[in-house]
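Inspection log for the structure reproduced underneath, given as C-alpha cells.
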Amino acid sequence: MLISACFLTSACGAEGIDAPWSPPPPECKRADDYLADLYGLLDQGKLQFLRGVISEGLSDEARRDLVSVLLSLVGSFESGALSAIATLPVLEDNDGAGLQVGLGQVLRWTAAGSPGSPYLDAFGMVRGVVATCDGASAFGALRAVAADPDLVDGLFGLLGEDGLATLLSDLSFEGAEGREAVRLLLRNVLVSLSQPTFEITALTELLGLLVDVEDPSTPYPALVAGVERVMGEPVTRAGIQGLVSCMLDVDPAVSVGGLIYDLVTAPAGPEIGRVVDRLSNESAEALDARAVLGTLVDQSLEFLATEPDARRALATLTQELLRDAFVAGVLLDLAELLEAEALAPIVDLFTALGTGACR
C-alpha cells in the first residue's frame with residue numbers, strides 16, 4: 001500500500017533525495033517500464049481515490065518523506081527477498097492467481113461485499129492506534145512475538161483449524177452468540193493481556209472455549225507456551241501490554257472483532273483459510289515460504305521500531321488513507337492495483353532503487 005502511493009501523483013518523485021549520479025547497469029529497465037501496469041490503470045480512470053488522497057491529502061514534504069522511508073526500508077532487505085514472495089508456489093491458487101490477486105479480492109470484499117462493509121469502526125481503531133500508541137515499543141514487542149516459532153505455528157494452527165468458521169458461528173459467550181460472542185471473547189482476551197497481574201491460565205480458559213488447548217496432537221500447547229514465554233520477558237511484556245491497553249483506550253468495544261469474525265466465517269474466509277493451510281503445513285515449499293515471510297516481517301518490524309521517521313510517515317499516510325469518507329474507495333483502488341498484479345513491478349522498482357542496483 002505504501003509503495004504504490006507515491007506514483008499516484010505527479011508531485012511525488014525523487015525531490016529532496018540526494019545521491020551521486022552513476023550510469024545504470026545495462027540490464028536495468030526504465031522506471032516507466034516498471035510502472036506500465038500502473039499507468040494503464042490510471043489511463044482507464046481507475047485509482048482515483050488513491051490518487052486524490054495522495055495528491056491532496058499529503059503535503060510535498062510528506063510525500064518526499066514517504067519516498068525516502070520506502071527506499072531506506074527496501075534497501076535494508078536482502079536482494080530478491082521482496083520479489084520472492086510473489087513467486088512462492090505455496091501461495092499460488094490452482095487457477096494461477098497468486099498472493100496479489102487473492103489479497104485484492106479480500107480487500108474488495110472488505111470494502112463492498114461483506115456484512116459490515118466498509119468497517120468504519122475497525123479502520124477508525126487502526127487510525128487511532130497508529131496516531132496515539134507508542135510505536136517504538138509496540139513494533140519491538142510485535143517483532144519478539146513474530147520471532148517465537150511456537151507462537152507463530154500455534155497461531156497458524158488456530159487459523160487453519162478445520163471447522164473454525166463453525167466454531168465461531170456457534171460460539172456462545174456472556175449471553176451473546178456468533179459475531180457478538182466473538183467480539184466479546186476477543187475483548188476479554190485483550191483485557192486479560194493488559195492486566196499487570198496477567199497469568200497464562202486466564203488465556204487458556206478463554207481459548208478453551210474454542211479448542212482443546214491441552215491436546216498434544218495440536219499446536220495449541222505450543223501456542224500457550226509461546227505466549228507464556230514472550231510475556232515472561234519484561235521488555236516484551238511491557239510493549240505488548242502498552243499496545244493492548246492503548247488499543248482498548250482507542251476502541252473499548254474492540255469493534256475489529258466483527259471484521260475478524262466475518263473474515264473467518266463469510267465467503268472471503270475460505271480464501272484466507274487456504275493460504276493459512278498452505279503456509280502452515282510442513283512441505284518444503286511451505287517451510288521456504290515461512291522463512292521468506294518471516295525474514296521480511298522481522299526486518300520490517302525492526303525498521304519501524306528503530307526509525308521514528310518511518311513511524312511518522314506511516315502515521316501520516318494512514319490518517320489520510322483510512323478517513324471514513326475515503327476508506328471504502330481507497331480499499332477498492334488497492335484491490336484494483338493488486339488484482340491487476342501491478343504492485344509487484346512497483347516493489348521491484350523501489351527495490352532496484354533502494355538497494356542501489358539501479359539509479
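Being a predicted model, the structure only gives us computed values, none of them experimental. Residue numbers run from 1 in the order of the sequence given.
With sequence neighbours left out, A31 forms a side-chain contact (heavy atoms from CB on, under 4.5 Å) with L349. Qualifying side-chain contact (heavy atoms from CB on, under 4.5 Å) partners for D324, counting only residues two or more places apart in sequence or in other chains: L120, R127. Legend: residues meeting salt bridge (Lys or Arg N to Asp or Glu O under 4.0 Å) with D333, ordered by chain and number and at least two apart, are absent. Evaluation of the salt bridge (Lys or Arg N to Asp or Glu O under 4.0 Å) rule for R323 yields E320 as partners, not counting sequence neighbours. Residues satisfying the side chain to side chain donor-acceptor pair (under 3.5 Å) criterion with R183, sequence neighbours excluded, are E180. Considering only residues two or more places apart in sequence or on other chains, E339 meets the side chain to side chain donor-acceptor pair (under 3.5 Å) condition with R108. Shown here are the salt bridge (Lys or Arg N to Asp or Glu O under 4.0 Å) partners of D298, two or more places apart in sequence or in another chain: R143. With sequence neighbours excluded, no residue forms a side-chain contact (heavy atoms from CB on, under 4.5 Å) with D43.
The stretch residues 195-223 participates, sequence neighbours left out, in no salt bridge (charged side-chain N to carboxylate O under 4.0 Å, His left out) pair at all. Each salt bridge (charged side-chain N to carboxylate O under 4.0 Å, His left out) pair with one or both residues in residues 256-269, not counting sequence neighbours, appears once here: R179-D262.
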Could you go through residues 150-158 and list every donor-acceptor pair under 3.5 Å that involves a side-chain atom there, pairing it with any protein atom two or more places apart or in another chain?
from: D150; atom 1: OD2; to: R229; atom 2: NH2; distance (Å): 3.2

Determine all donor-acceptor pairs shorter than 3.5 Å in which one atom belongs to a side chain in residues 163-174; sequence neighbours excluded.
from: S169; atom 1: OG; to: A165; atom 2: O; distance (Å): 2.8
from: E174; atom 1: OE2; to: N188; atom 2: ND2; distance (Å): 3.0

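For S137 and D134, the side-chain atoms include at least one donor-acceptor pair closer than 3.5 Å.
Note on V235: it does not cluster hydrophobically with L304, by side-chain heavy-atom contacts below 4.5 Å among ILVMFWY residues.
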